[in-house]
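Below is one structure, written out as structure tokens, with a few remarks after it.
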Amino acid sequence: MAHSEDVDHTSHGQSMGLLRVLGPAHVWALGVGIVLVGEYMGWNFAVGKGGAYAALIACWFAGVLYSCVAMIDSEVTSTVAAAGGQYTQAKHIIGPLMAFNVGLYLVFAYTMLEAGNAITLGFLVDTVAGMTGHEGGLDQRPFIVLAIMFLAWLNYRGVLATLTFNLVITAIAFSAIIVMFLATSPLLGAGEMLHKDLMSGQASLPYGWLGILAAMHFGLWYYLGIEGTTQAAEEVRSPARSLPFGTLAGIMTLLIAATLTWYVCSGLLPWEYLGDGVNGAVAPLFSAAQISGSNALVWLLGIGTLFATLASANGCINDASRAWFSMGRDHYLPAWFGAVHPVYRTPYRAIIFLVPIALIFALGAPLDQVITFSILSGLLGYTFMPINMIMFRKKWPLDTIKRGYEHPLHPLPAISLMALCSVTYFAVFLGYGTQLIAMIGFYIVVSLWFHFWRYRFVKRADQFTMPWPRPRGY
Amino acid sequence: MARYIPPVQSKLGQIIDVIVLVVLSVGALFVPLWLGLAGSAKLPVPVENPTWESLGQNEVMVAQWNKLGFADAASAHDIITARYDYSFSWMALAVMVIVIIGYFVMMIRLSDKEYREVIAEKFGEK
């Protein structure tokens, strides 16, 4: 076996690295590409949990949460230029078990998001078929399978083509939101926004203040995945500059897109319809376009939804496979996954392995459950970040390691992030408590499995690969 | 500190490890679904002979429902009246808090134990 592993390592390129070909625009495209679909579907469950005002407040508080995430992540990752993102950060700053958990958070958050994208894509194809005269509904499953397999193939073939593809379709999807806003708002369009009437009476805050807290659950969906920019650290030409630039530009883009999306959708759709992402507005921007009376907007937002789901699924495959690959390379998972393709220089085994996992969830679970699973994994990752940041500054103060970016007002962002995470746990507990406990139960079991079984196969000192001095206190 | 040499895992052992992880992760989502314990307790609250007024819809709202293809109040009844049930027991909330905090405390403590070995082997004993 030792021989076969050695063969894997050398002939399949374990010794060769991933290609450094990406610039800041690709980092932006990776982050925004993954997340922008959150404006096209999923965020509207927040309306269902608390009403339209609650969803707006959740949008902004979640925006604060993700601004803290982006600042913290940018500082740490500007010094940890390796694939795996937060997984690699955890390995160097907190320890192997935390890293293993963070790696799984990343894989499941992104794989579930990918599954959610595929479900939305299937719905969109079905709706368009109905609009063009097809009767009886389409079988969505072949489209779900084909979309995931096509994007996995694209990822298999190379990161530059994958993220350039993302850059183009993300820009189109973002532009579609801007056009929709301009066309329907009083600024340039007919001014048909109906917020005052659609949000009056019982529609203003249907669950009272508790609904605002509850809406934070799906409020995360506006931005979930922006932290994925760090996964590209090993493939970026100038990580210390490109990663903070791409990540912070990404969160600013998303704050604008999220607010415009809320404005357009809540001004056109009754909150009950908007808030029901299963029987009502599965793709709310598309639904808003449908009742705007403009065929051009229907097609534009249809294309925007399609591109946003493809860009997101594409970025998710990229990020989940990097995290899985990194864990394989460190033997946290079987080393077989840690191979790089000899020609395309991609983590091809990790890419292929995660395809059926995504399909199991895309074909077998309802959209809100898949989204909740993804949000919970993301939320656990955001809870790790403030702990990680505080330990990072404690073990390596500013004068010991040169950072490409130093985030301001430490520890205020870390404390704010922890407080907002606590609120979001409570929000998930309201309505989805069983899912939350099942998820934590899963992570407790796999943690014990890792600590008492799997970790014996991991070399100790080899895990610490950064050229950093000894951490203070150790 | 003596360098730790990990044992070599057999191919079968590697496959079993992957299967364990996949089964656990799929189970974490699907078992609550199969047992009917998954959240999203959003159920319609029936209204007898619903009208747009009795469902709390004003003229503008009705116009938008009509544009969405809901010609009468009965067709939109289930979507309009569906509500989450946010009642909860403080005991359940306390259990959730304990489970989350316990999970992170356990992980940080076990991680720190492993981390000290890594640092000692990488940089030598202090």
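So that the names make sense, note that chain A is the first sequence line, chain B the second, and so on, each numbered from 1. Note that this is a predicted model, so its numbers are computed, not measured.
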Part of B:V99 within contact of chain A (heavy atom distance under 4.5 Å): both
Could you tell me whether a side-chain N or O of B:Q64 sits under 3.5 Å from a main-chain N or O of A:L268, the two making a donor and an acceptor? yes
Plane angle bin for B:Y115 and A:F464 - parallel if under 30°, tilted between 30 and 60°, otherwise perpendicular: tilted
Tightest non-hydrogen contact, residues B:E114 and A:P96, listed as OE1-CB, 3.3 Å
What part of B:Y86 lies closer than 4.5 angstrom to a heavy atom of chain A: side chain, backbone, both or neither? both
Which heavy atom in A:Q463 sits nearest to a heavy atom in B:V118, and how many Å separate them? NE2-CG2, 3.5 Å
Looking at B:Y4, is its backbone amide N or carbonyl O close enough to the side chain of A:R460 to form a donor-acceptor pair, meaning the two atoms are under 3.5 Å apart? no
What part of A:K49 gets within 4.5 angstrom of chain B, counting heavy atoms only: side chain, backbone, both, or neither? both
Is the shortest heavy-atom distance from the side chain of B:M106 to the side chain of A:L448 under 4.5 Å? yes
Where does B:L93 contact chain A at under 4.5 Å (heavy atoms): side chain, backbone, both or neither? both
Test item: A:Y474 side-chain N/O and B:A120 main-chain N/O as donor-acceptor pair under 3.5 Å: no
Under 4.5 Å from any heavy atom of chain A - which part of B:A76: neither
By a 4.5 Å heavy-atom criterion (distance strictly below it), what part of B:Q57 contacts chain A: side chain, backbone, both, or neither? side chain
Tell me whether B:N58 contacts the main-chain N or O of A:D197 through its side chain, where contact means a donor paired with an acceptor under 3.5 Å. yes
Give, as side chain, backbone, both or neither, the part of B:V26 having an atom under 4.5 angstrom from any heavy atom of chain A. both
Under 3.5 Å: donor-acceptor pair, side chain of B:S111, backbone of A:I94: no
Heavy-atom contact with chain B under 4.5 Å, split by part of A:L380: both
Could you label the plane-to-plane angle of the A:Y432 and B:Y84 rings as parallel, tilted or perpendicular, counting under 30° as parallel and over 60° as perpendicular? tilted
